[in-house]
Structure formats: C-alpha cells, structure tokens
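Take a look at the structure set out below.
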Amino acid sequence: MTDLQKLTIGKALNLGLRRAMEEDPKVLIMGEDVGKLGGVFRITDGLQKDFGEQRVLDTPLAESGIIGTAVGLAVRGFRPVCEIQFEGFIFPGFDQISSQLAKLHYRTQGKVKMPVVIRVPFGGGIGAVEHHSESPESLFSHIAGLKVVSISNAVDAYWGIQEAIRSDDPILFFEPKKLYHSGALKMEVDTSTAPSRVFASQVVREGTDATVVAYGPSVKVALDAATAAEAEGKSLEVIDLRTLSPLDLGPVFESVRKTGRLIAVSEAPSESSLTSEIAARVQQECFYSLESPVLRVTGFDTPYPPAKLEEHYLPDLDRVLHAVDRSLAW
C-alpha cells in the first residue's frame, strides 16, 4: 500500500532516522546537541524523547571523540550515526576518519566492519561565517575506504539515510543545510516503497543541447538554470550525481555523448576538486563526442567570505547560464 507524505528535506531525514532506529535497536545517534535540542537544525528533533538517552547521545564538543567513540561502537556491533554540527567542525576528527574509520575493514582483511554514518550539514546560503558554510567534500572523496554521498531532495533524504545506516561501510552523508526547511522543495515521498539504486547518478531533467551535472545544493541551481534556458529555446539535461565517491559517471558519459557539452556545478572551490575529476574523466571517455571544452561553475579558490558577500561567491543561475552560452557558442 502506497503511503505518500509531502516532506521537506529536514523532515524526511528526521523520519528516515526514526524508521532506522525503530527497525534496528543497534542504531545509535550521537553528536553535539542532537538530544534535548534536536540538533541546531532540528533534524533529530524528538528522537531522544522517544528512544531515550542511551540511543540518542548528547556528546561533548569534541569531534575526534565523537568519531573515535563511533569506531569503537561499530567494532562492538552497533551502527552509530554521528552528526557534525557544521561541516567546518569536522577537521578535529579528520585523523579518526582517515586513519581508523576508513581503514579498519581493509586492515583486518574484512574481519571488522565499520557501519558508521557521519552526517555533515554543508554548503553556504544561510548567512553564516567561515567554518559554517563550506564545502569540504572533495577532501574526503580522496580517502580510500570511505563512501561519500550527497542528497538534494526529500526522497533521497528519507531513503538515502536508511540505506547508509544499513551499509556495513563507513559513509559520509553530506546534507545541503540551506535546503533543510525549504517549503519550495517539499515533495511527495512514498515511505512504503524504496526506490531502486538510491545512490546512483540520476538524470533529473532530460535535454538535448548541453549536460549540466551537479550535486547537493547545486542541483536546485542547475534545475532553475534549465528552466530559464528553456524560455530561451535551449534544452539542458541535468544530472544529480548523488554519490561523490566512488563517482557513478556512466549516466554522465551517456548524456555527454548525446549533447556534446558539459557544465559541472559545485559550491566547492575549483582547484583539485570533484568538478576537476569529472572534467578529466569526461575528456578521457567522451573526447570525440565533445563539441566544446568542459566548463565548471564553482565557488572561488578563497576562504568562504562574510555573509554579505556570499551571494557573489556561490554559483547561481546567471553564472550557470553564462557557462551554457559559452559552451554553445564554441
């Protein structure tokens, strides 16, 4: 029986976490202010009240301790879900992530599993300062042994968080914080039937003139650009990557062979980034199909700016459309 609910991304995450905890008593949630407060973005609201302080743990302000404790709990058979309050706070835990969490399964020849999810609110657009608005996903995509995913809508939020929790591998789960409670992005979620291949790249809008690939908060920008381009007689195909490591580029290659053009969009700086990797891989696999160079629309190679300047830093509709015009004019 179909059970449709119209949800924001934030509410979908909350319900997905709740369902995972109901189905498996080994699922724990831990992080700064995730209990009584329900998290600074209220994603874990009500979970400590319903599941108790033994399963929803308010931790000290110590990301290395949070992740190190999660590693130990995973060794003992639990499935910890850690919340990093803001993406810029994750770096005290970087050593635990790269040296322990990502390596233990390989180091023990598969004897020890690491079913740990690290939820990371990321990206700008909330009027905050540095350490609260950044996009560090490329750094973690370089670490062998980690899976890195990013959601852009409520369906992927609800089912994706459950899929991540069920996985026996460590997953960094990047969530676009500025879209958590956007009423404009509310969508119907079938909470009774899971979609297939939740983390595979997905064509979210079909087109013929150029391909725009994005992930996380940039998917909405790409879709808005496609709508605006349509009014000018241009047809853009938009692809949501969903998984950032390992990249699922098959649908991107197929699309580029059709359109001959690619624009990659991300809030992260461009240097040594995921958009760099996408451009390189597409050039290798689709060279004879390309009608123009791969173009990238990204954040700038600077520290994140003060809130009054962030609208100039973040990729927007106009910058994407400018890249489309450049590509089509080649």
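Under the 3.5 Å distance criterion, the side-chain polar atoms of Arg257 are left unmatched by any main-chain donor or acceptor of Cys286. No donor-acceptor pair closer than 3.5 Å links the side chain of Ser289 to the backbone N or O of Gly260. In this structure, Thr243 contributes its side chain and Leu247 its backbone to no donor-acceptor pair below 3.5 Å. Listed for the Asp209 side chain is no donor-acceptor partner under 3.5 Å among the backbone atoms of Leu236. Between the side chain of Asp301 and the main chain of Ser270, a donor-acceptor pair closer than 3.5 Å is present. Using modelled atom types, no side-chain atom of Ser327 and backbone atom of Val324 make a donor-acceptor pair closer than 3.5 Å. Counting only distance, with no hydrogens or angles, the side chain of Glu232 and the backbone of Ala228 share no donor-acceptor pair below 3.5 Å. No side-chain donor-acceptor contact under 3.5 Å links Glu188 to the backbone of Lys6. At distances below 3.5 Å, at least one donor-acceptor pair connects side-chain atoms of Arg242 with backbone N or O atoms of Arg197. Side-chain atoms of Ser64 do not come within 3.5 Å of backbone N or O of Gly93 as any donor-acceptor pair.
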For Thr275 and Val294, run side-chain contact (heavy atoms from CB on, under 4.5 Å): C-alpha distance rounded to whole Å, both residues' side-chain angles, the deciding distance at 0.1 Å, then the answer.
CA-CA 10 Å; Thr275 57; Val294 176; over 6 Å; no
Ring pair (Phe, Tyr, Trp, His ring centres under 6.0 Å) between Phe140 and Phe94: does it pass, once the steps are laid out?
CA-CA 9 Å; Phe140 296 96; Phe94 192 90; 5.3 Å; yes
Please lay out, stage by stage, how Thr211 and Thr259 fare under the test side-chain hydrogen bond (donor to acceptor under 3.5 Å, both in side chains).
CA-CA 6 Å; Thr211 302; Thr259 67; 2.9 Å; yes
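Ser152 and Asp240 form a side-chain donor-acceptor contact under 3.5 Å, judged by distance and modelled atom types alone. In this structure, a donor-acceptor pair under 3.5 Å is present between the side chains of Tyr158 and Arg19. With no hydrogens or angles considered, no side-chain donor-acceptor pair links Tyr180 and Thr8 at under 3.5 Å. Looking at Ser138 and Ser141, their side chains never bring a donor and an acceptor atom within 3.5 Å of each other. Side-chain contact, Glu32 with Thr59: no donor N or O sits under 3.5 Å from an acceptor N or O.
More than 12 heavy atoms of other residues, nucleotides or ligands shown are found within 6.0 angstrom of NZ on Lys103.
In this structure, Tyr313 and Phe300 have perpendicular ring planes: the angle between them is above 60°, well past the 30° mark.
Taking 4.0 Å as the cut-off between side-chain N and carboxylate O, Arg205 and Glu230 count as a salt-bridged pair. By the 4.0 Å N-to-carboxylate-O rule, Arg166 lies too far from Asp24 to be salt-bridged with it. The pair Lys113-Asp169 fails the salt-bridge criterion, with no side-chain N (NZ, NE, NH1 or NH2) lying under 4.0 Å from an Asp/Glu carboxylate O. By the 4.0 Å N-to-carboxylate-O rule, Arg261 lies too far from Glu291 to be salt-bridged with it.
Put simply, CD on Gln5 and CG on Asp190 are 9.5 Å apart, with the number rounded to the nearest 0.5 Å. The structure places CZ of Phe78 at 9.5 Å from CZ of Arg55, a figure rounded to the nearest 0.5 Å. Here the straight-line distance linking atom CD of Glu206 with atom CD of Glu237 works out to 6.0 Å at 0.5 Å rounding. Distance check, rounded to the nearest 0.5 Å: OG1 of Thr191 to CG of Asp3 gives 3.5 Å. Interatomic distance, CD1 of Ile171 versus CD1 of Ile161, reported as 8.5 Å (0.5 Å rounding). Put simply, CD1 on Ile143 and CG on Leu172 are 8.0 Å apart, with the number rounded to the nearest 0.5 Å.
In terms of heavy atoms, Glu63 sits closest to Pro92 at OE1-CG, 4.0 Å. When all heavy atoms are compared, the tightest approach of Lys178 to Leu314 is NZ-CD1, 4.3 Å.
Contact check for Phe86 versus Phe41: side-chain heavy atoms found under the 4.5 Å cut-off. Between Leu101 and Gln96 there is no side-chain heavy-atom pair separated by less than 4.5 Å. The side-chain heavy atoms of Val34 and Asp58, taken from C-beta on, include a pair separated by under 4.5 Å.
Taking the six-membered ring for Trp and the full ring otherwise, the centers of Phe173 and Phe122 sit at least 6.0 Å from each other. Ring centers of His132 and Tyr304: at least 6.0 Å apart, outside the cut-off.
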